[in-house]
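This report refers to the structure that appears directly beneath it.
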2 protein chains.
Amino acid sequence: MADVAQEAHVSVKTVSRVVNREPGVRRDTELRVRGVIDRIGFMRHDGARILRQGRTQTIALVVEDLANPFYSQIGAAVEREARIRQHQLITASAEGSPTRERVVLEGLINRRVDGLVVVPAGERPVSDPTVSASGTPIVYVDRPVRGEPCDTVISDNPGGMRSAVEHLVAHGHRRIAFVGDNAEFWTARQRREAFVSIHEALGLPGDARIAMGPHTTESLTERLGDWSRERSPVTAVITGNNRVTLAALHAMRALGIRMGLVGYDDFELADLVEPSVTVVHQDPASIGQKAVLQLFARLLGDESPAQTVVMPTRLIVRESGRLPDPTPARKAHP
Amino acid sequence: MADVAQEAHVSVKTVSRVVNREPGVRRDTELRVRGVIDRIGFMRHDGARILRQGRTQTIALVVEDLANPFYSQIGAAVEREARIRQHQLITASAEGSPTRERVVLEGLINRRVDGLVVVPAGERPVSDPTVSASGTPIVYVDRPVRGEPCDTVISDNPGGMRSAVEHLVAHGHRRIAFVGDNAEFWTARQRREAFVSIHEALGLPGDARIAMGPHTTESLTERLGDWSRERSPVTAVITGNNRVTLAALHAMRALGIRMGLVGYDDFELADLVEPSVTVVHQDPASIGQKAVLQLFARLLGDESPAQTVVMPTRLIVRESGRLPDPTPARKAHP
DNA sequence: CGTTTCCCTGACAACGCTGTCACTCCCCGA
DNA sequence: TCGGGGAGTGACAGCGTTGTCAGGGAAACG
């Protein structure tokens, strides 16, 4: 900027004015300065600007695994919303480790990101005192944290689970099992609890089969096989997220059996696998968008009490809930 | 930092030394400073550090659409590699628009990111003079740019295409069509050209059916329907990327026909759809990793000539190449 | 013709940190 | 006793911007 100033025979301040399109620069001065800028290829150093102004125009997204479609869709939405608002997005993975999450968060705070969208790794509050002391607004997504109320955007897990169970019951299933992901995850636990309570509410057989993860295709194959060979066999399964659904599909394929199935999370091709899979759809793009909206409200000074937004889910009915058809499960146990 | 210094009765410089674990601070001084830091919750302002030191410890990834699994897997790999090297990752979408890409790139240059990994939107070089003048190292991924040679990581498209065509031919197909994505994309064109030349080399019928995108399920349904009703019907299709494969699968489902199929890009569940889909697999994680490796080599001063790395592809054989079985395609045209 | 007003412009400090260099001790050996 | 050397510390400048304020010239006014 100093170079430009010298070359254009003006002060740095005037160059700054031109660069920022501030008013109060004579037309010909502005043109002269612009000419020099183009000629020598000057580009403003945003780092210095930031240092001076205090706002980094940057928000960060911390997720577990950016390669998981659920999170990458959230990421795409967050990036788009940030871009619309002239902010850049830093993405970071905590890989499910609270320790790593703390390190990551501290790094981001040090960078003075203006705000954070976080899928919390652990369930304990991320109340690293330094993080909360920094005053950086945080919106949690997909899972809440304990402790102080915080801005949070989650899915309606009980509602989704209710629609899943009711759908299966409507198709005649009574022995319905739940296969959840790792019970360490809040979502996994919440869905399990929802499953249990709805199961009871509907008066289904009391000894519901439940298996929490982590699961592999192999472990699930064994488990589903056992369940289907019981005296009163399980005829339908609800899976707790996209990872589990995938493993369950592979397991059923390996077993060569067809059980009723409702999966949590929609996935590409859910309509193309055989049978097509009925799912509880949560819209990651909307979740991400909502989170950013809330975050920017805070950035613009919204001081209202922390808010938890519950996003509705939608049951997408395909074929897998109707199985087995007509009653082939009986065949497994003559 | 000044506050800490005053509180601990030392100079700012000493605080700086403690924060950075520089040697030459007496043990008790260090402890005293650390105590104050913890007490008042001081966190270093990385912006200022960056301004002083010149390196931002940040790299950026510019893709078309972060929600596309191919890119999000690249993104996850790039983020991991960056994190390993103590760098943060800024992700940005250009949404396929060269104009937006320029804006995005300039923004990132202004931020003084240390390096860029870019999936170029247009094919013309991104030789925005300001961008190249900035001297920021760039590694292009998935598609090359014209003009000056640049560091690039791409897939072995001709090799992948060859394996696809040969696979289909080995299963008796002679009338093989290619359905590529938008011809604006270099990858789409390169795969088309590879298809044509291999098609010729193998002495297949000269009038190969080729359709470039963009495609929708509807448009492809019509197209595939036409092809399968020709006098000498197309019996197998090669699709140019994951988007197209998806549309083709839906189209075949809509038509109720089964054609031979080899898709470009592997996808989750490719083994579970009916029929399971044979694909040319490119490993996005490796591509992303390789790109970051190259980028950091440049950051560490590697001055060797620009390098184009061609990543091998792998044909994952499933069922869809064997179709139709035995010749059901004929049924469509009695 | 002097005074006020407005429009441009520039000097300077400050944002928060780190590199450089100089200074003060204290210990050692001569 | 004195000089040399190393360890610990601090003063200060400067990274590239922008906010503040003051200055200077031209136009407008009395």
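Per chain, numbering begins at 1; letters A, B, ... match sequence-line order.
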Are A:I154 and A:R143 close enough that some pair of their side-chain heavy atoms sits under 4.5 Å apart? no
Measure the spacing between OG of B:S97 and CD of B:E64 and express it to the nearest 0.5 Å. 10.5 Å
Hydrogens and angles aside, do B:S93 and B:D65 bring a side-chain donor and acceptor to less than 3.5 Å of each other? no
Looking at residues 31-58 of chain A, who's got a heavy atom less than 4.0 Å off DNA chain C? A:L51, A:R52
Does the side chain to side chain contact (heavy atoms under 4.5 Å, CB included) test come out yes or no for B:V78 and B:L295, once each step is laid out? CA-CA 11 Å; B:V78 169; B:L295 187 60; over 6 Å; no
Can you sort out which residues in residues 12-30 of chain A have a heavy atom within less than 4.0 Å of DNA chain C? Ascending by number, please. A:K13, A:T14, A:R17, A:G24, A:V25, A:R26, A:T29
So B:V153 and B:V117, do their side chains get closer than 4.5 Å, heavy atoms only? no
Sequence neighbours left out, what pairs pass ring-ring contact (aromatic ring centres under 6.0 Å, His included) with at least one residue falling in residues 91-118 of chain B? none
Does the side chain of B:R49 pick up a donor-acceptor pair with the side chain of B:N20 at under 3.5 Å? yes
Do the side chains of B:V10 and B:R32 get nearer than 4.5 Å, heavy atoms only? yes
side-chain contact (heavy atoms from CB on, under 4.5 Å) filter on A:A285, not counting sequence neighbours, yields A:A77, A:D283
For the CE atom of A:M1 and the NZ atom of A:K13, what is their distance to the nearest 0.5 Å? 9.0 Å
Consider only side-chain N and O atoms of B:D265 and B:Q282, and report whether a donor and an acceptor are under 3.5 Å apart. yes
How far does the helix from C:dC1-D:dG30 to C:dA30-D:dT1 bend, going by the axes of its first and last five pairs, to the nearest 10°? 60°
Students should find this one: the first and last nucleotides of DNA chain C, 5' to 3', lying under 4.0 Å from a heavy atom of chain A. What are they? C:dC8 to C:dG16
For A:V292, run the side-chain contact (heavy atoms from CB on, under 4.5 Å) check against A:E79, A:E81, A:H87 and tell me which one passes. A:E81
